[in-house]
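Just below is one structure, and these are the notes that go with it.
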Amino acid sequence: MTARLRSRSLRTRLLIFITAVLVCVCAAMALTTVFAQRAYLMGNLDNQVSDAAERGVGGAALHPELTRDLTFLNESGHPAGMLAARLDAKGDIINAAVVSQDAPPRSLSTAQTSALKGLAQDGSTHTRQVPGLGTYRVTALNASGVRVLAGLPMDDVLDTISGLVEVEIGVAAVGLTVAGCVCAVVIRRQLRPLGRVAATAVEVSHAPLGRGQVTGLTRVPERDTDPGSEAGQVGAALNRMIDHVEASLAERQRSEEQVRRSEERMRRFLADASHELRTPLASIAGYAELMNRGTDRIEPGLAWRRVNAESARMRSLVEDLLLLARLDEGRPLQCAEVDMAALVAEAVWDARAAGAGHVWQLELGLDGPSLVLGDEARLHQVVANLLANARVHTPVGTTVTATVEVTPTTCVIRVRDDGPGIPPAVLPTVFERFTRADTSRTRAGVLAGGSGLGLAIASAITTAHGGHIDVESTPGRTEFTLELPVTELPPAGTAISARTAPV
């Protein structure tokens with residue numbers, strides 16, 4: 001029974017429990033009323049029986065020698081149905097009669113007299129079933145040898161109790177029916193928020209969470225999240241859990257997307273690196289094969305120059321890759337005070353010597369010393385790469401301007417040119433490794449930074465120094481902005497750790 005009840009809904013169980021409690025309360029109240037009323041009526045009847053017995057003793061005492069005398073029953077005031085008897089010394093009934101309505105007393109039969117035997121003559125009341133007359137409340141008294149038995153019918157008391165029980169049963173049935181209906185309505189209304197919370201939980205459980213899809217999970221309505229009620233607390237907790245689930249799914253999606261992009265970048269990186277290395281290796285192998293076949297096929301000096309050129313190309317590429325790998329590992333860089341104005345000026349002079357066909361300009365907007373903390377060689381490489389990028393990917397006659405500005409917290413270096421600009425398709429990935437512009441920016445010589453690693457190295461070194469690099473490009477204007485923090489010089493010998501984004 002308990003297991004079957006537990007399998008039912010909460011609404012049904014509550015209704016059953018409340019109905020059972022109401023039934024118990026009504027039964028207890030009815031029984032208490034019936035017993036109290038019965039005790040009251042029986043007490044009154046017992047008093048009447050005792051009074052009748054005392055009057056009978058008084059009447060019989062007028063003629064004590066007449067042991068069978070019941071003439072006191074002829075007196076007025078005796079209720080119909082009252083019975084009386086004279087007893088001998090042994091308690092046996094000598095004579096017994098019952099008062100009739102509008103008729104003289106009628107003697108009792110032998111069977112009726114037998115039902116009244118065995119009563120103690122101490123005035124205590126007893127209940128006896130008298131054949132043909134019904135249930136009686138009787139008592140026996142012994143006053144100075146005068147022994148009298150008296151009894152009154154219990155029909156009125158029993159009818160009153162029966163009527164009271166019937167009324168209470170009817171009232172209880174109607175009351176329980178009304179209370180049950182009211183409880184059913186109240187329980188249904190009060191459990192509606194919990195039902196909506198359960199419906200929301202079921203809907204969320206059917207969402208394709210296993211595939212990691214964030215599909216805008218359903219929330220519990222705000223009216224069902226009141227912390228003042230238990231259902232509201234459950235609804236609020238469910239909403240918080242759904243928020244956590246969505247956040248976890250979104251984070252997992254971001255992580256998976258990052259892993260996928262990282263794998264794609266790694267595959268592209270390996271493919272590009274293999275392609276860059278394969279070309280000089282093929283050239284070196286080809287010239288070596290020609291020289292093995294004899295010097296009549298190629299001039300040795302030319303072959304060795306080409307081999308050296310391709311070896312230098314491979315060495316430059318490998319050194320760039322090694323530098324990026326070290327920066328990715330977070331290896332410490334040298335830390336010293338670097339004057340960025342002097343460093344940029346020197347880099348501009350070097351670029352002017354390498355690209356005499358361009359117009360080179362230097363602008364210094366200094367309100368204070370342009371000192372930063374970092375690795376001077378690596379910072380010089382950043383500026384040189386930016387200038388080389390402008391020189392390689394712009395036509396002859398392009399004006400390239402390098403600017404140094406100082407703010408209270410940063411040193412800003414800008415490299416601006418008026419060339420054709422970076423294609424919009426390339427601009428978002430310009431700082432990724434092996435990214436090259438299309439034919440709108442033709443590649444220069446092999447040793448001039450055409451491997452697609454120059455800007456990636458500049459970005460990695462800048463990040464390792466706690467700085468930031470950005471680019472804006474439109475046709476006729478391309479500007480790279482390098483920001484480095486200006487801080488106080490730490491104790492001598494201190495190194496800074498390289499910080500860079502993953503590949």
Side-chain angles (χ1 to χ4, degrees), residues 1-49 79 81 125-130 133-137 152-206 218-239 241:
M1 181 63 181
T2 304
R4 185 181 303 174
L5 185 61
R6 289 177 179 175
S7 63
R8 296 182 179 273
S9 65
L10 178 61
R11 181 183 305 162
T12 302
R13 282 183 289 167
L14 284 175
L15 186 59
I16 292 175
F17 289 149
I18 292 175
T19 302
V21 171
L22 290 176
V23 169
C24 293
V25 171
C26 290
M29 294 178 62
L31 291 175
T32 301
T33 302
V34 168
F35 285 131
Q37 185 68 17
R38 184 179 185 279
Y40 174 76
L41 295 176
M42 290 296 292
N44 288 340
L45 182 61
D46 289 345
N47 292 333
Q48 294 175 9
V49 171
T125 55
H126 305 274
T127 301
R128 292 297 175 91
Q129 186 70 32
V130 181
L133 296 179
T135 305
Y136 271 75
R137 193 73 169 167
L152 291 174
M154 296 179 60
D155 294 341
D156 292 342
V157 173
L158 296 179
D159 291 343
T160 301
I161 297 300
S162 299
L164 179 61
V165 170
E166 292 177 358
V167 170
E168 288 188 342
I169 290 176
V171 172
V174 174
L176 288 175
T177 302
V178 173
C181 295
V182 172
C183 289
V185 173
V186 171
I187 290 174
R188 181 183 296 274
R189 290 178 61 87
Q190 294 300 317
L191 291 183
R192 281 178 183 173
L194 191 59
R196 290 191 289 266
V197 172
T200 301
V202 171
E203 186 174 352
V204 172
S205 67
H206 292 162
T218 304
R219 298 295 198 280
V220 177
E222 186 176 357
R223 68 177 184 275
D224 297 331
T225 58
D226 182 10
S229 64
E230 289 76 5
Q233 294 174 5
V234 174
L238 180 59
N239 279 351
M241 185 188 70

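As a basis for the values below, the full set of heavy atoms in this structure was taken, side chains included, without hydrogen atoms, waters or symmetry mates. Numbers here simply count residues along the sequence, with the first being 1.
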Checking side chain to side chain contact (heavy atoms under 4.5 Å, CB included) against [X], which of [options] comes through?
X      : options               : answer
Leu176 : Cys181, Cys183, Cys26 : Cys26
Ile16  : Leu14, Thr12, Thr19   : Thr12
Val21  : Val23, Val25, Ile18   : Val25

Can you measure from [atom1] ([X]) to [atom2] ([Y]) and round to the nearest 0.5 angstrom?
X      : Y      : atom1 : atom2 : value
Arg38  : Thr33  : CZ    : OG1   : 15.0 Å
Asn44  : Leu152 : CG    : CG    : 12.0 Å
Arg188 : Leu15  : CZ    : CG    : 10.0 Å

- Message: If you define the side chain from C-beta out and look only at heavy atoms, does anything of Leu45 sit under 4.5 Å from Arg137?
- Response: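 A side-chain contact exists here, since the closest heavy-atom pair is under 4.5 Å.
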Under 3.5 Å, which donor-acceptor pairs do the side chains of residues 153-167 form with other protein atoms, sequence neighbours left out?
residue : atom : partner : partner atom : Å
Thr160  : OG1  : Asp156  : O            : 2.7
Ser162  : OG   : Leu158  : O            : 2.8

- Item | Main-chain N/O of Phe35 paired with Tyr40 side-chain donor or acceptor, under 3.5 Å |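 Judged by distance alone, no pair lies under 3.5 Å.
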- Contacts of type side-chain contact (heavy atoms from CB on, under 4.5 Å), residue Gln233, not counting sequence neighbours: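 Per chain and number, Gln233 pairs via side-chain contact (heavy atoms from CB on, under 4.5 Å) with no residue.
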